[in-house]
Amino acid sequence: MSWTTALGDGLDEVWQQLTSGRVGIRESAGDGRPPAALLTDGGPSGPPSERQISLAVTTASAALRDAGCPAGDVDTLVLGSSLGPHLDDAAETSPHTLTSAVADRLGVAGSVSVSTACSSGADAVLAGAALLTGGEAERCLCGGIDLLTDGKLLGHRALGTLAASGTVRPFDTDRDGTLFGEGAGFLLLETRAAATARGARILGELRGWGASNDGTGPTAPDETGAGAVLAVRRALARAGVDARDIAVINAHGTGTRANDTAEAACYSTVFGPESEAVVFATKPAFGHTLGATGALEAIALLLALRHGAVPPLPHTRKVMPELALPLAADGPREFTGSLGISLTLGFGGFNTCLLLAAAEPRTAVGGAA
């Protein structure tokens with residue numbers, strides 16, 4: 001797996017920064033733009049489409065190197081993005097035009113594009129899992145990517161979702177919105193048989209996944225959390241585990257009133273007040289990376305499962321009473337257990353839950369990441 005974030009691109013190095021409470025959100029350079037978590041080196045240059053393709057190729061190539069797998073051995077690239085540069089690029093492009101270009105440059109034969117708003121990166125992993133379990137592929141390179149453009153910033157300013165405080169404070173009683181970031185994340189997902197045959201170093205197992213759609217409107221989620229509950233319960237059922245087995249939750253955690261209310265309601269319904277599952281979120285550090293967020297959060301969850309600890313929420317001071325689960329608000333927090341979920345809630349009512357297991361050998365059949 002690999003990621004490119006506002007804190008850098010090394011898996012261990014970025015994880016250490018997360019656990020120390022570092023954030024990548026910075027003030028703009030006096031151009032009137034809101035604070036954002038931009039890539040440290042400015043990212044690729046060129047028109048929007050070329051920037052997106054270049055960052056995807058660079059990050060995906062790093063994932064293949066980390067996996068020790070040639071691109072030619074990958075059946076399908078599954079790439080998620082909210083809308084890519086579609087709003088800003090004068091060229092005739094679509095999300096799939098860009099995905100095909102990335103696959104061509106990598107040397108991967110097949111490609112699938114996913115665009116389900118903020119759930120795109122997670123849905124790319126879900127789609128890859130469906131290809132594997134359906135016998136359509138043995139190995140999929142799944143990921144998400146988004147770079148900030150003027151169109152995206154203008155759209156979200158109009159919606160009033162940006163934090164006036166300049167910080168992202170998930171599940172805080174005084175939360176006032178989200179801030180955006182740039183990034184990309186990729187995971188090589190393969191059947192256990194394929195991974196074992198090539199002697200792969202297994203980083204974790206995708207045990208379950210579930211999705212739903214609120215159908216309540218184009219932007220705001222169902223604040224009862226009913227759609228998110230359905231996605232989480234579908235992931236638990238597919239994995240054949242109980243909510244009590246979940247040790248850690250990587251929340252969507254945008255810091256907006258509506259999103260955090262819906263998530264807190266979901267966790268209260270599914271897990272109840274007696275659960276010891278520890279909740280964390282990466283948006284205070286990475287910003288809201290839109291279509292990349294689900295992939296980045298899956299990687300962060302795998303790292304949390306590896307280390308048995310989660311990073312803190314550096315700006316959350318007073319946890320909203322609706323969230324009864326333990327929250328890593330005042331510093332890194334350790335946990336015991338080998339199962340975790342990552343939940344994403346996207347515009348358009350998309351809810352996606354990935355259920356991941358730590359890397360130790362397991363008897364259940366699933367996708368090995």
Side-chain angles (χ1 to χ4, degrees), residues 5-7 18-19 21-25 36-37 117-119 121-122 144 156 161-163 165-181 183 185 220-221 223 225 227-229 231-232 246 248-268 270-271 275 277-301 303-304 310-333 335 340-347 350-354:
T5 76
L7 292 177
L18 285 174
T19 56
R22 288 282 305 279
V23 299
I25 294 174
C118 311
S119 289
H156 283 274
T161 57
L162 299 183
S165 65
T167 58
V168 181
R169 294 174 283 179
F171 306 112
D172 195 296
T173 55
D174 295 325
R175 64 196 185 280
D176 67 342
T178 199
L179 293 169
F180 290 115
E223 291 193 17
V229 167
V232 174
I246 301 302
V248 59
I249 298 170
N250 192 349
H252 195 54
T254 62
T256 60
R257 290 279 169 183
N259 179 93
D260 289 7
T261 298
E263 273 203 272
C266 167
Y267 300 143
S268 176
V270 175
F271 296 96
S275 174
V278 177
V279 178
F280 76 106
T282 57
K283 287 182 180 61
F286 293 159
H288 192 332
T289 54
L290 302 172
T293 190
L296 293 174
E297 288 168 1
I299 294 170
L301 179 57
L303 290 170
V310 300
L313 297 175
H315 305 301
T316 298
R317 296 291 178 262
K318 188 177 179 181
V319 180
M320 55 192 286
E322 296 88 343
L323 185 68
L325 301 183
L327 187 72
D330 53 358
R333 189 159 185 158
F335 64 88
I341 64 167
S342 178
L343 180 64
T344 56
L345 310 179
F347 275 5
F350 293 103
N351 310 292
T352 304
C353 180
L354 303 177

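Any value given below was found using the heavy atoms of this structure, including those in side chains, with hydrogens, waters and symmetry copies removed.
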For a side-chain contact (heavy atoms from CB on, under 4.5 Å) check, start with the C-alpha distance between F280 and I249, then their side-chain angles and the critical distance, and finish with the verdict. CA-CA 6 Å; F280 76 106; I249 298 170; over 6 Å; no
Begin from the C-alpha positions of L313 and L327 and carry the test side-chain contact (heavy atoms from CB on, under 4.5 Å) through to its verdict. CA-CA 8 Å; L313 297 175; L327 187 72; 3.6 Å; yes
Please step through salt bridge (charged side-chain N to carboxylate O under 4.0 Å, His left out) for the pair E297 and K283, ending with a clear verdict. CA-CA 9 Å; E297 288 168 1; K283 287 182 180 61; 2.4 Å; yes
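Atom-to-atom distance recorded for Y267:OH and L325:CG is 8.5 Å, nearest 0.5 angstrom. Distance check: I246 CD1 to I341 CD1 gives 6.0 Å after rounding to the nearest 0.5 Å. Note that the OG atom of S119 and the CG atom of L343 stand 8.0 Å from one another [nearest 0.5 Å]. The OG1 atom of T282 sits 10.5 Å away from the CG atom of L301 when rounded to the nearest 0.5 Å. Taking CG from N351 and SG from C266, the interatomic distance works out to 8.0 Å, rounded to the nearest 0.5 Å. To the nearest 0.5 angstrom, T173 atom OG1 is 7.0 Å from R257 atom CZ.
Nearest heavy-atom pair across A231 and C353 is O-CB, 3.7 Å. Contact record, A277 with P326: O-CD, 3.3 Å, taken as the closest heavy-atom pair. In terms of heavy atoms, A285 sits closest to A37 at O-CB, 4.1 Å. When every heavy atom of P284 is checked against every heavy atom of I25, the shortest pair comes out as O-CD1, 3.5 Å. Between A122 and T352 the shortest heavy-atom distance is CB-CG2, 3.8 Å.
Under the rule for a side chain to side chain donor-acceptor pair (under 3.5 Å), the partners of S165 that lie at least two apart in sequence or sit in another chain are T167, R169, D176. In this structure, the side chain to side chain donor-acceptor pair (under 3.5 Å) partners of R22, at least two apart in sequence or on a different chain, are Q17. Judged as a side chain to side chain donor-acceptor pair (under 3.5 Å), and not counting sequence neighbours, the contacts of T161 are H156.
At a threshold of 4.5 Å between non-hydrogen side-chain atoms, the residues P332 and P312 count as touching. The closest side-chain heavy-atom distance from T293 to H252 is below 4.5 Å. Within the 4.5 Å cutoff, the side chain of H315 has no heavy atoms near those of the D172 side chain. The shortest distance between side-chain heavy atoms of T344 and C118 does not fall below 4.5 Å. Annotation: side chain of T254 is in contact with side chain of D260 (closest heavy-atom distance under 4.5 Å).
Put simply, the side chain of T316 gets close to the backbone of P170: a donor and an acceptor are under 3.5 Å apart.
Put simply, the residue from L162, T178, V168, T261 that forms a side chain to side chain contact (heavy atoms under 4.5 Å, CB included) with T256 is T178.
Using cut-offs of 30° and 60° on the angle between ring planes, the pair H288 and F180 is tilted.
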